[in-house]
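To start, the structure itself, in structure tokens.
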Amino acid sequence: MVEIKDLHKNFDGNVVLDGVSFNVAETENMVVFGRSGTGKSVLLKCMIRLMQPDSGDVIIQGQNIRELKVRELNELRKDIGFLFQGAALYDSMSVKENLEFPLIRNFKLTQIEMDKRVSKVLEAVSLEEAINKMPSELSGGMRKRIGLARSVITNPKLMLYDEPTTGLDPITSKEISSLIIDLEHAFNMTSVVVTHDLLCAKIIADRAIVLSGGKIVAEGDIENLVTSEDPLLKNFFSDEIFEENNGRVQ
Amino acid sequence: MIAGLFKFSFKFLKEVFIPPYEVDQIRKHMIELGMKTLPIVGVTGFIIGLVIAMQLSPVLKRFGAEAFLPGSVGISIVRELGPVICALIFAGRVSSGIGAELGSMRVTEQIDAMEVSGVNPFRYLVVTRVFATTFILPILTVYVIFIALIGAYIAVVLVQNMTWAYFMDRVIFSVEFGDAIPGVSKTFVFGFIVGIVGAYKGYTAENGTEGVGKASTSSVVVSSLLILIFDMVLVKLTLWLWPTVK
Ligand SMILES: Nc1ncnc2c1ncn2[C@@H]1O[C@H](COP(=O)(O)OP(=O)(O)O)[C@@H](O)[C@H]1O
Ligand SMILES: [Mg+2]
């Protein structure tokens, strides 16, 4: 489904990705672990060509996204959902307009079909009552849910999540993580989740990789990574658990 | 920055002709911007008209040329004061607004989200706003000129007896097409400057909320400065194209 091959990216000499490669299989939930500032967001943005990597390839459904024309890229993006870190809801639009926005231009649907999809995704995130609210009236957790609803409304095959639980309290993060995994199953999606939240990773991950210093330093089952005797990983996860116990300060 | 702004304007010229045309968005922005600035430019125009007439009145009297008061006030308002004052106020109000709005959309990744949804954010956000500012400012300017003339008339009436009809007759007699056309048409350029500078600053904002504030304030500074510079150039150009001294 997804193949990342030797991705490199630097900003004015600040090397952020230094040869990142991994594959994600169909319907697999892959978690990318990394500290703040290790280039997780950059990695996701390269995967959907919001950023151009310096070198390396991203192949999604057999298509090398570097080589796609704008129209082909937009066609491929219809199959990809992206949940941004702050949910990125459009401030000037109501929840309903936010949800309709990805549909209006690229999917030729009637208003009835659109309404149906809107209520379906709102039901999936249990926020039917928020349909006419403005984003400013929503709490952090609600915004994440609406962001989630907006990214799955196009029925994507691949979902990319940028720190879906960062900035939320522990209970809400657990709810969001469970919601993500439910949606993954309900919509039969493949996903890449970048996070530094161990709890979230444990709930979602089929497999995990650890990103550090621009490289992938470990890969495997999440339990194995956490209990690993490798000093680097031990250090990494002991800090993560510490962070978790302290109420998850970003 | 100048190079970036230039490239950004060039991109606008390229994208503006490509469908889909976001007509609803353009209409929405024009109404919104017009409504937002109508009161403040009206008040300013009125006061400027009043004050310029009050200032010119004794000067012309000194030279025994009171009869030229409506004409000279009219010409200054139509050629220079109306368009430039209106544009500067518009820049203060609108350029900063666009800079802040697009800046916050940039730093909260709303622009990225749009792009991922297969909507060209440049066309949806930038083209529509720049188009709206370019075409709403001339309309506002005509309105400001009219209000300023009313202000001027009131100042005139306070010192000499004159009907509105006679005043306007003198104004229209003195103000020629060669005054009105360049006066109003340069505001298309000013409107474009206000829109493109605000959009450029906002669209390229970085560094979180701090960047948004910076985008907003520097939009006003840069667009006001560019308006004055282009005014100078355009005045020179129109004097050369339409020599008014016969
Ligand atoms: N647009 C950009 N311009 C310059 N540097 C950037 C840009 N985006 C990210 N970076 C740098 O790349 C590094 C990784 O950023 P990011 O991917 O956002 O980290 P995170 O893993 O927390 O998501 C940071 O050091 C950041 O300063
Ligand atoms: Mg990030």
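Small disclaimer: the values here were computed from a predicted structure and weren't measured. Residue numbers begin at 1 in each chain, while the letters A, B, ... track the order of the sequences.
- In this structure, A:Phe84 and B:Gln110 have side chains that are not in contact, with every pair of non-hydrogen atoms separated by 4.5 Å or more.
- Of all residues spanning residues 87-95 of chain A, those with a heavy atom less than 4.5 Å away from chain B's heavy atoms are A:Ala88, A:Leu89, A:Tyr90, A:Asp91, A:Met93, arranged by number.
- Within 6.0 Å of the CZ atom in B:Phe230, the count of heavy atoms belonging to other residues, nucleotides or ligands does not exceed 12.
- More than 12 heavy-atom neighbours from other residues, nucleotides or ligands sit within 6.0 angstrom of NZ on B:Lys36.
- Within 6.0 Å of CZ on B:Phe6 lie no more than 12 heavy atoms contributed by other residues, nucleotides or ligands.
- Counted within 6.0 Å of CZ on B:Phe46, heavy atoms from surrounding residues, nucleotides or ligands total more than 12; the atom is thus considered enclosed.
- At most 12 heavy atoms of other shown residues, nucleotides or ligands fall within 6.0 angstrom of atom CD1 in A:Ile112.
- The candidate with the highest count of non-hydrogen atom pairs below 4.5 Å against chain B, out of A:Leu50, A:Asn106, A:Asn74, is A:Leu50.
- Expressed to the nearest 0.5 Å, how far CG of B:Asp112 lies from CG of A:Asp162 amounts to 10.5 Å.
- With sequence neighbours left out, A:Lys78 forms a side chain to side chain donor-acceptor pair (under 3.5 Å) with A:Glu75.
- Using a cut-off of 4.0 Å between Lys/Arg side-chain N and Asp/Glu carboxylate O, A:Lys45 and B:Glu115 are scored as not salt-bridged.
- More than 12 heavy atoms of other residues, nucleotides or ligands sit less than 6.0 Å from atom NZ of B:Lys28.
- Heavy atoms from other residues, nucleotides or ligands lying under 6.0 Å from CE of B:Met35 number 12 at most.
- The distance from atom CD1 of A:Ile80 to atom OG of B:Ser117, rounded to the nearest 0.5 Å, is 12.0 Å.
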